[in-house]
Amino acid sequence: MPMHNSEIADSFERLADLLEIESANPFRVRAYRNAARTVRGYPRGMSDLLEDGEDLSELPDIGKDLAEKIHVMVETGKLPLLEEVESRTPPALSELMKIEGLGAIRVKTLYKKLKVKSLDDLKTAAQDGKIREVSGFGEKSEEKIRKHIERYAGGQERTKLMDAEDIAKPLVEYLKKAEGIKDIIIAGSYRRRKETVGDLDILVTAKRGLTGKKGESSIMGHFTDYDEVDEVVSKGKTRSTVYLRSGMQVDLRVVPQVSYGAAQHYFTGSKSHNIAVRTMGVKKGYKINEYGVFKGGKRIAGETEKSVYEKVGLPYIPPELRESRGELDAAKEGKLPKLITLEDIRGNLHTHTKATDGRNTLKEMAQAASELGYEYLGITDHSKRLTVAKGLNKKRLLEQIEEIDKLNEKLDDIVLLKSIEVDILEDGSLDLPDSVLKKLDYVVGSIHHKFDLSRKKQTERILKAMDNDYFSILGHPSGRLINERDAYEIDLEKVLRGARDSGCFIELNAQPERLDLTDDGCKMAKEMGVKISIATDAHSSSNLNYMRFGVDQARRGWLEAKDVINCRSLKELKKLFKK
DNA sequence: GCCGTTTTCGGCCCGACTGTTTTCAGTCG
């Protein structure tokens, strides 16, 4: 079993924590954290890179030493230095640092003074009132620790973007009512449209005259008075942090208007993108922070994000690209993609109806799609193997084909396309015979069972399915459900190559809990010349609106309208489906 | 431990906020 990037990153982070507790050189500690971030965010597996003979020390923040450590980890599954450190410092101390308000120094103090070696020890010490007796701690610290142990135990899973929207939108509406608020934006990974977000970073500017002490604190007061606030962690003139009842952490920051762009840039991240931009600024003799771009103490830019990028000689970079995945080089060379927008979408190629597990009729789906301004809507009900969804057999599919033909005669502003989401069986054959598949406009094939095949077998299964003359689009290619079910193992590069060679397309499933293909997957597909279908897998007419989540993900994957088949006209699309 | 148009040594982001202090250390982002 090859070591996954996240496991390598976890080991580096644990090592960094323990070294920090041991008071190691802080820059060495940071080096491990930086390396962890690089490895965690790297689109390709370290083991794959090594297999291809790549030199890992070429990666940012990975030098000779860490390249060798990764090599050893991939080979043996072990990080000897971590084991050595863990033999003299209790490994669980690393976990204690995840408790809000506890850093390396305080964890070390509690370990030395109270022999706190684990979360349980910490809990007991807090309950017994021992912590307040340690110098440097007090009653309040002890109370906070007690509270945050519970919060930590309640889980620290990232929130799906759609759920984050449900939490953020009413809060933003509420904040807008605060006296003196001028602009408001949710920054952070929410603005980068990442599939999940950790916390909400809300940025506001206040009206002139109200940016003084009084205006800001009234905004903060309004914020912390919000009904859903469960706990106020900190509250200051320019920054406050709360936990909502949902468990979501929200940071609110107030900046003056002249700093709005710089602050947006700073708080939108990603961190590595910001560092790279700041470094470019330093080389030009500027200092860039959340308040602006400064030259010798004088602000020379910062009211808009565009002005910040301009000062370092770059065009505006859309938030979705700010992940240090090559966007700065592309921007320097004037090669940023012209990202796809929701308006580019002309149809939806994966939807279900009442015939299987959908909620609406063909006609209702057609009408809803027409209202969205679509030219076409593909109907892809399930095939017979999926009995729980009343999957269609040959006879019922033929009936649906007839029904669609009839309906199309009556519809004048939209065309329904005949299709199926056919199950890919374990051996790579399809769940319905070619004799019926060939009557369809196109075919979506998906895996709904046997998720646990080996990577090799799962890949071969898909490759074989795509070889079928009538196969058009691979549906939800990894099968993952965010926070619920891991992706099944596939060699995506091989699948993409297979798709290219057999004239197939890959779906970006826009369901907020799927978002499958990933952003990195989209980018890889684009680089390999494989086109994408962004589709909602709608099980009701209202689900058609999930398209925007798919478009967001596509933008994170650098996709342009020309990379997406459902940005084509119906005529062009039909040509694409002819193998 | 990484990095280099100030290149093999000497830097490595820093401001806001809290709590425990009595002028500041620790944490966070």
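Excluded from the calculations below are hydrogen atoms, water molecules and symmetry mates; all remaining heavy atoms, backbone and side chain alike, are included. Every chain is numbered from 1, with letters handed out A, B, ... down the list of sequences.
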For this session: Flag yes if more than 12 heavy atoms outside A:Glu484 fall under 6.0 Å of its CD atom; otherwise flag no.
Result: yes

Exercise. Within the structure, does a side-chain N or O atom of A:Lys69 lie under 4.0 Å from either OP1 or OP2 of B:dG1?
Worked result: yes

Exercise. Can you find a donor-acceptor N/O pair under 3.5 angstrom joining the side chain of A:Asn34 to the base of B:dG1?
Worked result: no

For this session: Using the P atom as the reference point in each nucleotide, state the distance between B:dC17 and B:dC12 in Å, no decimals.
Result: 25 Å

Problem set entry | Separation of the C1' atoms in B:dC2 and B:dT7, to the nearest angstrom | 13 Å

Exercise. Side chain to side chain donor-acceptor pair (under 3.5 Å) with A:Thr205: which of A:Arg253, A:Glu303, A:Lys182, A:Gln257?
Worked result: A:Gln257

Exercise. Per the salt bridge (charged side-chain N to carboxylate O under 4.0 Å, His left out) rule, which among A:Lys112, A:Arg88, A:Lys108 passes with A:Glu22?
Worked result: A:Arg88

Exercise. When we call it a touch if two heavy atoms are under 4.0 Å apart, what does A:Pro60 touch: a base, just sugar-phosphate, or nothing?
Worked result: sugar-phosphate

Exercise. Given the P atoms of B:dC24 and B:dG11, what is the spacing between them in whole Å?
Worked result: 25 Å

Exercise. Contact class for A:Glu290 (heavy atom, under 4.0 Å): base, sugar-phosphate, or nothing?
Worked result: nothing

Exercise. Whole-Å distance between B:dT20 C1' and A:Arg106 CZ?
Worked result: 9 Å

Exercise. How would you label the contact of A:Tyr32 with the nucleic acid (heavy atoms, under 4.0 Å): base, sugar-phosphate, or nothing?
Worked result: sugar-phosphate

For this session: Verify the contact: side-chain N or O of A:Thr238 to OP1 or OP2 of B:dC17, cut-off strictly under 4.0 Å; return yes or no.
Result: yes

Problem set entry | Atom pair distance, as rounded to whole Å: NZ in A:Lys140 and P in B:dG26 | 19 Å

Exercise. How far does the P atom of B:dT18 sit from the matching atom of B:dG10, given to the nearest Å?
Worked result: 40 Å

For this session: Without swapping roles, check the side chain of A:Asp516 against the backbone of A:Gly479 for a donor-acceptor pair under 3.5 Å.
Result: yes

Exercise. Using atom P of each nucleotide, how far apart are B:dG26 and B:dT22 to the nearest Å?
Worked result: 14 Å

Problem set entry | Rounded distance (Å) that lies between atom P of B:dG26 and atom CG of A:Leu96 | 17 Å

For this session: Measure from CD on A:Glu100 to P on B:dT27 and round the result to the nearest Å.
Result: 12 Å

Exercise. When rounded to the nearest Å, what value does the distance between C1' atoms of B:dA16 and B:dC9 take?
Worked result: 34 Å

Problem set entry | Phosphate contact (B:dC17 OP1 or OP2) by A:Thr241 side-chain N/O below 4.0 Å | no

Exercise. Think A:Gln249 has a side-chain N or O under 4.0 angstrom from the OP1 or OP2 of B:dC28?
Worked result: no

Exercise. For A:Arg106 and A:Ser141, does a side-chain donor sit closer than 3.5 Å to a side-chain acceptor?
Worked result: yes

Seminar exercise, completed: note: A:Glu139, atom CD; B:dT20, atom C1'; distance rounded to Å ~ 12 Å

For this session: Would you indicate what A:Leu59 reaches in the nucleic acid, counting non-hydrogen atoms under 4.0 angstrom: base, sugar-phosphate, or nothing?
Result: sugar-phosphate

Problem set entry | Short side-chain donor-acceptor distance under 3.5 Å, A:His273 and A:Glu327 | yes

Problem set entry | Interatomic distance, A:Lys283 NZ vs B:dC13 P [rounded to whole Å] | 14 Å

Problem set entry | Phosphate-side-chain proximity, A:Arg239 and B:dA16, N/O vs OP1/OP2 below 4.0 Å | no

For this session: Return the value, rounded to whole Å, for the distance between atom NZ of A:Lys235 and atom C1' of B:dT18.
Result: 14 Å

For this session: Determine which nucleotide pairs with B:dT8, using a 3.5 Å limit on both distances of a Watson-Crick or G-U wobble pair.
Result: none

Problem set entry | Closest nucleotide among B:dC12, B:dC17, B:dG29 to the A:Phe27 side chain | B:dC12

Seminar exercise, completed: Out of B:dG29, B:dG1, B:dC12, minimum distance to the side chain of A:Arg30 belongs to B:dC12

Exercise. Is the phosphate of B:dC13, meaning OP1 or OP2, less than 4.0 Å from a side-chain N or O of A:Tyr291?
Worked result: no

Exercise. Within the structure shown, what part of the strands sits under 4.0 Å from A:Ile99 by heavy-atom distance: base, sugar-phosphate, or nothing?
Worked result: sugar-phosphate

Problem set entry | Sugar-phosphate, base or nothing in reach of A:Ile275, heavy atoms under 4.0 Å | nothing

Exercise. Of A:Ser234 and A:Lys287, whose closest DNA chain B nucleotide lies nearer the 5' terminus?
Worked result: A:Lys287

Exercise. How about A:Asp55 and A:Ser57: does a side-chain donor come under 3.5 Å of a side-chain acceptor?
Worked result: yes

For this session: In whole angstrom, give me the gap between the P atoms of B:dG4 and B:dC13.
Result: 14 Å

Exercise. Want to settle it: does A:Ser135 or A:Asp61 sit nearer the 5' end of DNA chain B, counting the closest nucleotide to each?
Worked result: A:Asp61

Exercise. Atom CD1 of A:Ile105 and atom P of B:dT18: how far apart are they, to the nearest Å?
Worked result: 20 Å

